[in-house]
Amino acid sequence: MKSILVLGAAGQIGSELVPYLRNIYGDKNVIAVYRSTPLPREIMEGGPCENMDALDGEQMLSVVNKYNVDSIINLVAVLSAKGEANPTLAWKINMESHFNALEISRQTKGAVFTPSSIGAFGPTTPMDHTPQDTVMRPTTVYGISKIAAELLGDYYALKFGVDARGLRYPGIISNVTLPGGGTTDYAVEIYYDAIKNKSYTCNLSAGTYLDMMYMPDALRACAELMEADPSKLVHRNCFNITAMSFDPEKIAAAIRVHIPDFRLEYKVDPVKQAIANSWPNSMDDSAARDEWGWKPEYDLAGMTSDMLEVLRKKLK
Ligand code: SER
C-alpha cells in the first residue's frame, strides 16, 4: 500500500487505524474520510482529510484520483443491533459504500480492504471452532450485508483482478472511540463502568460466548493482511481471525483481578441476545495463521490490564 483512503475514519476502528497507518506509511499517504461525525483533532491535524459521503461514487472517484490512491479501506458500516432497528439503512450504507470501493478499484486497478464479521455466520453454522469455510446463513441484515460483501469482493478479485481482501473481525475492544449499535459493545462498556462505578449491567446473559480481540491486534491484522504475499492467499474474502473467546462471567472475573469488588448484573436485551445466540462461540482462524502468519498478541488478561490502565487515566 502506498496511498491509502480510509472510509469511516471517525468510527471505532477508523479513529485508531488512521494514526496507526500514518505511522507506517507516512502521514501524507493516509487520507481520512469522514461524513457527519467529526474527526479527532489528532487525525485532522496529522494528515490529509476529506469530508465526503462514501455512498457518492463520483465524489469517491475524484478523491481517489486527487491523492492517487492505490488502496481503499472501507470501515463504513451500520452494526448488527442498529441494523435490526433500520434494515433498509443498514443495507444501503453497508452495500453501496462497498460497491463504490470495488468499482473504483476496478477502474484504478487498486486494492480494497473490507472488514467482515462474526456476524456473517448464522444459527446453522457450527458454533465451536467455526471453520473458515462452512455454512453461512446469517439472520441479521448486518450479517447478510457482510456475507454479500465477502462474495462481491471475491467476485471482483476473480472477474476483474481487484486485489480485494478482508477479515471476519470478532468483537473489537478499544479505549479511544466507543463502538455504536453492535452486539459485542458490552465488552467495551464493561471496562468504562468498572472504572466509573465498579459495577456493570450486562445486556447479554451469562454463558454467551463470543470471539473478541483487542484493538492493537485488529489494526496489525489489517496491515499484515494487506501486505501479505498474494501468491500465498488461498482465501481472500474474508479470513476468520480471533484472539480470545469469553462470556460476561469470564470478563468480569478478569476485571476482578484488578478491581476485586466489581459487581456484574444482568438485564438481557432480547434483540442483542438473539443476535449473539446466532453467532459462533469461537472461530477457527487457522487459515489466517497458515496463509499470512496471523497471530494475536493480547489474551483476556493482557487486554484487561491494559484497558483498565488506559481508562483509569482517561476517565480521571
Ligand atoms: N461488533 C459487531 C457487532 O456487534 C460484530 O461485528 O455488531
Side-chain angles (χ1 to χ4, degrees), residues 8 10-17 73-87 89-91 93-95 97-98 113-123 125 127 130 136 138-150 153 166-192 202-205 208-215 217-219 221-222 225 237-248 251 268-283 285 288 296 303 307:
Q12 186 200 9
I13 300 177
S15 62
E16 296 198 53
L17 187 63
I73 295 181
N74 179 19
L75 305 173
V76 171
V78 174
L79 294 183
S80 57
K82 197 171 167 196
E84 291 312 284
N86 196 340
L89 182 77
W91 180 259
I93 289 183
N94 296 2
M95 291 316 299
S97 61
H98 183 56
F113 172 85
T114 312
S116 184
S117 159
I118 49 174
F121 296 105
T125 297
M127 292 287 167
T130 302
M136 301 186 81
T139 48
T140 62
V141 71
Y142 173 70
I144 297 167
S145 75
K146 286 296 175 192
I147 191 68
E150 288 194 14
L167 299 168
R168 290 181 190 135
Y169 276 133
I172 307 289
I173 292 150
S174 64
N175 48 50
V176 175
T177 304
L178 287 168
T183 303
T184 57
D185 294 7
Y186 95 86
V188 178
E189 292 160 4
I190 195 169
Y191 287 110
Y192 281 78
C202 189
N203 51 31
L204 295 183
S205 66
T208 307
Y209 277 81
L210 292 166
D211 283 295
M212 301 279 179
M213 182 177 291
Y214 198 27
M215 185 64 93
D217 278 333
L219 304 178
C222 169
L225 172 65
N237 299 280
C238 294
F239 285 93
N240 287 3
I241 55 161
T242 184
M244 60 193 97
S245 164
F246 57 74
D247 81 325
I251 189 172
V268 170
D269 174 334
V271 173
K272 288 194 175 183
Q273 188 64 51
I275 295 173
N277 290 348
S278 76
W279 291 355
N281 300 324
S282 66
M283 284 189 290
D285 60 5
M303 174 179 77
M307 274 296 280

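Indexing begins at 1, ligand by ligand and atom by atom, following the structure's order.
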Once rounded to the nearest 0.5 Å, what's the spacing between atom OH of Tyr169 and atom CD1 of Ile118?
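One finds 13.5 Å between OH of Tyr169 and CD1 of Ile118.
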To the nearest 0.5 Å, what is the distance between CD on Gln273 and CG on Asn203?
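Atom-to-atom, Gln273:CD and Asn203:CG are 8.5 Å apart.
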Where is the nearest protein heavy atom to atom 1 (N) of ligand 1: which residue, which atom, and how far?
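Its nearest protein heavy-atom neighbour is Thr184 OG1, 2.8 Å.
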Nearest-option assignment for atom 3 (C) of ligand 1, heavy atoms, candidates Gly83, Ala276, Ser80
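Of the listed residues, Ser80 has the closest heavy atom.
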Using the six-membered ring wherever Trp is involved, compare the ring planes of Tyr142 and Trp279 and label them parallel, tilted or perpendicular (cut-offs 30° and 60°).
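Rings of Tyr142 and Trp279: tilted, 30 to 60°.
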Asp211 side-chain N/O to Pro170 backbone N/O, donor-acceptor pair under 3.5 Å:
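Pair absent, no side-chain N/O of Asp211 close to backbone of Pro170.
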Measure from the side-chain N and O atoms of Asn240 to the backbone N and O of Thr130, and report whether any donor-acceptor pair falls under 3.5 Å.
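Answer holds: yes.
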With a heavy-atom distance limit of 4.0 Å, tell me whether Tyr186 approaches ligand 1 through its side chain, its backbone, both, or neither.
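Near ligand 1, Tyr186 shows nothing, with every heavy atom at 4.0 Å or more.
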Can you sort out which atoms of ligand 1 are near [X], meaning under 4.0 Å from one of its heavy atoms?
X	value
Leu79	7 (O)
Ser117	5 (C), 6 (O)
Thr183	3 (C), 4 (O), 7 (O)

Which residue, Ile173, Thr177, Asn175, Ile172, forms the side chain to side chain contact (heavy atoms under 4.5 Å, CB included) with Val188?
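Among Ile173, Thr177, Asn175, Ile172, the one meeting side chain to side chain contact (heavy atoms under 4.5 Å, CB included) with Val188 is Ile173.
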Could you say whether the N/O atoms of Tyr142 and ligand 1 ever approach to under 3.5 Å?
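Between Tyr142 and ligand 1, an N or O pair is found under 3.5 Å apart.
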